[in-house]
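Convention: sequence-line order gives letters A, B, ...; per-chain numbering from 1. Because only heavy atoms are used, hydrogens play no part in the values below, and waters and symmetry mates are left out as well, while side chains stay in.
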There are 2 protein chains.
Amino acid sequence: MSTKNVLPHHLKQLLEKGEDQFQSGISVDCVIFGFHEQQLKILLLKVDTVHKWALPGGFIKKTEHIEEAAYRVLQERTGVKDIFLQQFHVFGAPDRADASIHQKRYQSFGIKIPKNNWLIQRFITVGFYALVDFNEVKIQPSEQEAQWQWMDIEYLNGLMMDHAAIVQKALETLRTQLAYLPIGKNLLPKKFTMPELQKLYETILNEKLDRRNFQRKLLSFDILNRLTETKKGGAHKAAYLYSFNEKKYQKALKDGLYGSW
Amino acid sequence: MSTKNVLPHHLKQLLEKGEDQFQSGISVDCVIFGFHEQQLKILLLKVDTVHKWALPGGFIKKTEHIEEAAYRVLQERTGVKDIFLQQFHVFGAPDRADASIHQKRYQSFGIKIPKNNWLIQRFITVGFYALVDFNEVKIQPSEQEAQWQWMDIEYLNGLMMDHAAIVQKALETLRTQLAYLPIGKNLLPKKFTMPELQKLYETILNEKLDRRNFQRKLLSFDILNRLTETKKGGAHKAAYLYSFNEKKYQKALKDGLYGSW
DNA sequence: ACAAAAGTGTTGTCGATACACCCATGG
DNA sequence: CCATGGGTGTATCGACAACACTTTTGT
């Protein structure tokens, strides 16, 4: 489908000049978590020629820090700026890359990738996970060939290569870090209610939590500001709105939520 | 010092054929922890031509998994087989490699590394940390030019490039993981006493712990076997010897020491 | 005024801490 | 036989879980 003939400029560049511009054999892949309708979701892309969904990923420019590269990929894809972004694992199986994916893509323009081209060599990838505010994400339509979706964490199928394993590891990491990092700021809107925050935690942990104990615990971390406003429009009693106390939040990100052992 | 003239075969190979054999632009570095005389130490190497200490590191063979590569480096350097080995972070600053280190080394044989040789390009490194039994380590004398030492964790100076930062991050990781992973098996001899194990924990955490509570806690994990033997020769009452229950230990490694949240 | 959802308070339990006592060994 | 260090027991405290009651809002 689409234009079968003209190879887009950026793909031509990638094939021919990519090796000059990027580190070869290494990439970044981002597991971008968002929260919507009480579901934890991740952002996935699809290329027409490949019938599987893929994590947003990219290469590392020669002069770029890997965290920068991940940040750039994230911004290019989501337009979001204020993000929680963290590397969590390196995936380094020698056979994890699938050359046929690139081959098919270029084949659709009638081009065959040369045998030793850098694109179809072995690739190691650094997994990053990101937490973004679902409502802030505006997918850039620049990449014409890319479909995208927020996929529910529960139904992960048809992911490309080892991307399902990458997501799995990201989830594990997120669950572990939840215990000692103040997660929530980047997944929720600026203002949110305690029940909303709780739903987020419950979704991530896949477990029901006690309303009252949850509230006490979160407040004890002392990273939230209670606003005077309340959430109106709800069917019943209005809930207080909260926002994160930026200063205390940043401190908690560094030091963790507990004093260690 | 040493043979100033003949370039050793393996160095020649590395320079000329390295790019065919190894992934370029990516390496592994191992922070190898050992415990001796109530001190936590790490294994460091030094090359004659460079006056700084370095972490044992290496390249990744084209067909090799990165964990394999780290394992191979570890075995090549220490001869140890039963090891705890885990990746913990990727260090990807664009300027982290220092070409002059390689230059000096080859210069000492009268050779100048060609401008675009793979060795002096940018390198990203995957940090692994390993826990080994100090007494089992027999440094391989194969690398003629390498001096080595166990350096005390407290006095880290003169480390090469960003290796001090790598060690720092490894230490943080170790401390964090101590809370939910059964560490000790690989740092201690097969048989050990409870006070010895405690000293290890105290050293890693840099903190004094209560003797009785420590014992209760460790025993509650149910990963130790108390042996009938006791540690004789001590100035006073003989302590029981313990060993790790391999089966339960492996399970705890997977599941962690607590049930999570 | 009633149902639904949110805010606040109380109690019990279990694990962690702190401390006291007993036991074995070498000098 | 006593000093030293190791093994075992117990009281206290605090965090967390379980649960009850009150308050607010829309219909």
**Fill in**
Between CD of A/Q215 and P of C/dG7 the distance, given in whole Å, is 5 Å

**Request:** Round to the nearest Å and state the distance from B/R216 atom CZ to C/dA16 atom C1'.
**Result:** 9 Å

**Request:** Quickly work out the A/L219 CG to D/dA15 C1' distance and round it to whole Å.
**Result:** 16 Å

**Request:** Classify the side chain of B/D210 and the base of C/dA16 as holding, or not holding, a donor-acceptor pair under 3.5 Å.
**Result:** no

**Rounded interatomic separation in angstrom, taking CG from A/L209 and C1' from D/dC16** = 12 Å

**Prompt:** Pick one: which of B/N245, B/L224, B/L253 meets side-chain contact (heavy atoms from CB on, under 4.5 Å) with B/P182?
**Reply:** B/L253

**Message:** In whole Å, I'd like the distance from the CG atom of A/L257 to the C1' atom of D/dC16.
**Reply:** 16 Å

**Message:** Using the rule side-chain hydrogen bond (donor to acceptor under 3.5 Å, both in side chains), only one of B/E246, B/K247, B/K254 pairs with B/Q250; which is it?
**Reply:** B/E246

**Message:** Whole angstroms only, please: what is the CG-C1' distance between B/L227 and D/dG7?
**Reply:** 16 Å

**Prompt:** Could A/K185 and A/Y249 be counted as a cation-pi pair, given that NZ or CZ must be under 6.0 Å from the ring centre and within 45° of the axis?
**Reply:** yes

**Message:** Is the phosphate of C/dT8 approached by A/R226 (side-chain N or O, under 4.0 Å from OP1 or OP2)?
**Reply:** yes

**Side-chain-base donor-acceptor pair under 3.5 Å for B/R211 and D/dG5** = no

**Request:** Answer yes or no: is there an ion pair linking B/R72 with B/E76, defined by an N-O contact shorter than 4.0 Å?
**Result:** yes

**Asked** Please give, in whole Å, the distance from D/dT8 P to B/K237 NZ?
**Response** 7 Å

**Message:** Nearest whole Å is fine: how far is C/dA16 P from B/L218 CG?
**Reply:** 11 Å

**Message:** Heavy-atom nearest nucleotide on DNA chain D for A/A238 versus A/S220: which residue maps closer to 5'?
**Reply:** A/S220

**Request:** Answer with yes or no whether B/R212 presents, from its side chain, a donor or acceptor under 3.5 Å of a partner atom in the base of C/dA16.
**Result:** no

